[in-house]
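Below: the structure, in structure tokens.
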Protein chains: 2
Amino acid sequence: MTVSDVIHAHFATLTRAEKQLAASLLDNYPVSGLGSITTVAENAGVSTPTVARMVQKLGFRGFPDFQARLHHELEATLSSPISKHDRWAANAPGTHILNRFADAIMNNLRQTLSQVETAEFNGASALLADRQRSIYIIGGRITKALADYLFTHLQVIRPHVTQIASNPSSWPHYVLNMKAGDVLVIFDIRRYEQEMETLGRIARERGVEIVLFTDQWASPVAKVAAKVFRVHIEAPSAWDSSVVTLFIVEALIEAVQSSGWEETSDRMKTLEGLFEASRLFRKPRPEVSGKS
Amino acid sequence: MTVSDVIHAHFATLTRAEKQLAASLLDNYPVSGLGSITTVAENAGVSTPTVARMVQKLGFRGFPDFQARLHHELEATLSSPISKHDRWAANAPGTHILNRFADAIMNNLRQTLSQVETAEFNGASALLADRQRSIYIIGGRITKALADYLFTHLQVIRPHVTQIASNPSSWPHYVLNMKAGDVLVIFDIRRYEQEMETLGRIARERGVEIVLFTDQWASPVAKVAAKVFRVHIEAPSAWDSSVVTLFIVEALIEAVQSSGWEETSDRMKTLEGLFEASRLFRKPRPEVSGKS
DNA sequence: GGTCCAATGAAAAAATCTCTTCAAAAAAAC
DNA sequence: GTTTTTTTGAAGAGATTTTTTCATTGGACC
């Protein structure tokens with residue numbers, strides 16, 4: 001049982017300052033636990049007694065004992081012939097799904113980023129940041145969650161953001177409102193949905209700028225899109241991975257956000273206020289009753 | 001220049017006892033240098049003054065300085081294979097948001113994986129794979145998209161999967177249907193929503209097993225959860241990152257899927273058929289008309 | 001063999017670290 | 001809102017570690 005295991009096992013029973021310390025120890029484990037008790041305490045932002053107390057609570061005879069255990073672990077880790085650094089989840093076998101997935105994601109991320117044009121990214125970010133343009137967002141069956149995520153954030157950052165319902169029969173109503181210069185963000189990953197292409201074409205005809213998130217094989221919508229992100233989505237799974245797509249989405253959100261921070265900041269404060277107000281409307285303790 | 005390099009560089013000028021000490025340090029480097037000066041001296045079979053003298057001879061300000069250098073090296077070694085990727089998007093400047101984000105995500109991934117218990121992961125996967133148990137999934141304002149993603153996939157993989165609407169007033173209806181042994185997946189990332197804790201507690205009281213996705217500071221729901229994933233969510237942004245959470249979700253989906261591949265495969269084929277059939281019901285070319 | 005000098009470790013001094021006590025602050029319970 | 005309990009860090013006592021001092025050893029050179 002490693003020190004890390006011990007910390008995890010006791011985590012629930014730790015107090016606030018101790019949790020803070022535990023987090024600091026696990027963060028950059030095990031190096032963060034190597035200095036003197038004073039250093040460890042300072043790094044974690046707690047007092048030395050907290051450190052002394054916690055290691056005893058964890059079952060060690062004292063800080064020196066705790067540290068000796070760390071040294072032994074480190075020795076074991078470092079001296080193993082093929083040192084375990086190439087493993088992600090150190091405590092899982094190399095073939096565990098977590099490690100295989102991590103490898104795949106790393107590859108996807110590296111390949112995607114080596115191909116993405118900074119200009120493309122900046123251009124897309126500028127389109128989404130432009131308050132003159134209305135934004136429409138749509139995703140497919142699987143990518144709906146990503147569209148939803150982008151929508152939830154953009155909605156806070158700026159006005160005039162609309163999420164398009166997945167049901168194609170409702171689309172004409174949205175297209176009706178789009179004007180030239182508006183932006184349509186489409187998520188279309190393989191098993192390309194044919195209606196997407198139609199939607200993209202028609203929007204383009206009306207002068208709408210299209211930002212497309214797709215996979216490396218590129219959805220047919222790419223033909224009419226102003227900005228295209230070709231994301232690598234392979235995973236050791238029957239399903240494609242959306243992790244890297246979400247990565248790009250988040251980076252884009254940040255780019256849009258920072259381009260108009262003043263305004264966004266105001267909007268977020270107002271939103272806080274609204275949340276607060278809506279809380280006041282509720283009953284003090286909203287019981288979720290389980291009685292049958 | 002590493003400590004090891006320094007020792008080698010000075011090796012010729014060392015005295016007998018110092019050579020003995022140097023050999024001891026290089027043997028099983030760098031762990032042998034981690035203990036107190038007393039321990040190091042004992043292991044090498046020399047006196048403590050020899051150690052103190054030599055490290056000064058090597059150019060360090062004293063034994064603590066020497067040891068601090070070792071710690072830094074260790075830190076770099078332990079994290080390097082993964083994070084030393086200095087630039088992700090080769091064609092973007094190192095400070096471009098894409099590169100800064102990539103660094104942050106890699107850190108999150110590394111730290112999260114080093115902390116996630118394989119047993120915890122396998123346990124959660126087993127819970128979700130058990131066809132005897134019904135699955136309920138709920139997310140907060142931001143994490144709704146993740147809950148949605150998990151739901152969309154699990155729904156294909158197995159029966160009895162329900163997504164809980166975000167409106168707390170509808171929750172009692174869901175709880176009413178939960179029976180002991182059922183599984184409730186909760187996404188609760190900071191700005192923990194208080195109602196989540198209530199929901200978790202009540203579900204737990206009814207014997208429901210809770211799987212929680214939260215951040216490194218742990219939502220209060222953790223107290224009643226059977227399995228907890230504490231994901232690192234830091235990003236160079238005003239928002240938290242959900243990328244690593246999605247990563248875990250996808251790995252979990254794959255784990256659940258592969259545990260019952262036979263059945264899932266059948267279900268997916270049936271689903272294909274249903275998609276096909278539903279297409280036939282529609283008009284041949286569903287025009288998305290833009291006429292106003 | 002004798003002298004000298006660098007090298008070494010015992011021992012003490014100085015510095016630092018670890019742990020305990022205790023009072024204040026925070027949280028929880030009432 | 002008050003009381004009780006728990007948590008927390010400042011301060012200091014005690015232990016340990018690091019450094020320095022210094023006497024001894026062992027080898028080099030005459």
Side-chain angles (χ1 to χ4, degrees), chain A residues 3 6-7 10-25 30-71 284-285 287, chain B residues 3 6-7 10-25 30-71 190 192 194 197-198 200-201 217-224:
Chain A
V3 173
V6 175
I7 296 179
H10 288 74
F11 199 87
T13 71
L14 298 179
T15 65
R16 181 190 58 73
E18 287 172 346
K19 279 193 174 125
Q20 192 176 326
L21 169 60
S24 162
L25 287 176
V31 180
S32 26
L34 290 182
S36 73
I37 196 172
T38 320
T39 323
V40 171
E42 271 175 11
N43 285 339
V46 300
S47 67
T48 50
T50 303
V51 182
R53 263 192 301 262
M54 190 176 86
V55 294
Q56 292 181 354
K57 201 162 159 185
L58 294 181
F60 302 98
R61 292 225 313 281
F63 188 77
D65 181 39
F66 166 80
Q67 209 164 45
R69 282 284 301 274
L70 275 186
H71 287 163
R285 298 176 84 231
E287 280 300 323
Chain B
V3 172
V6 174
I7 295 178
H10 287 73
F11 200 85
T13 72
L14 298 180
T15 66
R16 182 191 55 74
E18 286 171 349
K19 278 188 175 135
Q20 192 177 326
L21 169 59
S24 163
L25 285 176
V31 180
S32 28
L34 290 182
S36 73
I37 196 173
T38 321
T39 322
V40 172
E42 271 175 13
N43 285 339
V46 299
S47 66
T48 51
T50 303
V51 182
R53 266 192 298 263
M54 188 176 88
V55 294
Q56 289 181 357
K57 202 162 160 185
L58 293 182
F60 301 99
R61 290 224 315 282
F63 188 77
D65 182 40
F66 165 80
Q67 208 164 47
R69 280 284 301 274
L70 277 185
H71 288 165
R190 75 171 161 200
Y192 310 121
Q194 204 213 305
E197 190 188 355
T198 314
R201 213 183 52 242
W217 303 283
S219 130
V221 179
K223 282 182 284 198
V224 293

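Values below: every heavy atom of this structure, side chains too, minus hydrogens, waters and symmetry copies. The chains referred to below are lettered A, B, ... by the order of the sequence lines, with proteins before strands, and numbering in each begins at 1. Predicted, not measured: the structure shown is a model, and the values here were computed from it.
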Spacing between B:Leu21 atom CG and C:dG9 atom C1', to the nearest angstrom: 14 Å

Per-nucleotide protein contact along nucleotides 19-30 of chain C, 5' to 3', at a 4.0 Å heavy-atom cut-off (B base, S sugar-phosphate only, - neither), is BB----------

May I have the distance from B:Glu18 (atom CD) to C:dG9 (atom P), rounded to whole angstrom? 10 Å

What heavy-atom pair brings A:Leu34 and A:Gln67 nearest, and what distance separates the two atoms? O-NE2, 2.6 Å

The helix from C:dG1-D:dC30 to C:dC30-D:dG1: angle between end helix axes, five pairs per end, rounded to 10 degrees: 30°

Show the nearest heavy-atom pair for residues B:Leu25 and B:Ser32, with the distance to one decimal. O-OG, 3.1 Å

Side chains of A:Val40 and A:Phe63: does their closest heavy-atom pair fall under 4.5 Å? yes

Value in whole Å for how far the P atom of D:dT17 lies from CZ of B:Phe66: 17 Å

Using whole Å, what does the distance between atom P of nucleotide C:dT8 and atom NZ of B:Lys19 come to? 10 Å

Between A:Val3 and A:Phe60, is the side-chain contact (heavy atoms from CB on, under 4.5 Å) condition met? List the steps. CA-CA 10 Å; A:Val3 173; A:Phe60 302 98; 4.1 Å; yes

On a heavy-atom basis, which atom in B:Arg61 and which in B:Gln56 lie closest, and how many Å separate them? O-NE2, 4.2 Å

For C:dT8 and B:Ser47 - does any side-chain N or O of the residue sit under 4.0 Å from the phosphate oxygens OP1/OP2? no

Suppose we screen for ring pair (Phe, Tyr, Trp, His ring centres under 6.0 Å). Which residues come up paired with A:Phe11, at least two apart in sequence or across chains? none

Of all heavy-atom pairs linking A:Ala22 and A:Leu14, the shortest is CB-CD1, 3.8 Å

In whole angstroms, how far is the C1' atom of D:dT17 from the CD atom of B:Gln67? 11 Å

It should be established whether A:Thr15 places a side-chain nitrogen or oxygen under 4.0 Å from OP1 or OP2 of nucleotide D:dT7. no

Could you report the tightest heavy-atom contact between A:Leu70 and A:Pro30, atom names first, then the distance? CD2-CB, 3.8 Å

Which whole-number value in Å describes the distance from B:Glu42 CD to C:dG9 P? 13 Å

Crowding at NZ, B:Lys19 (>12 non-hydrogen neighbours, <6.0 Å): yes

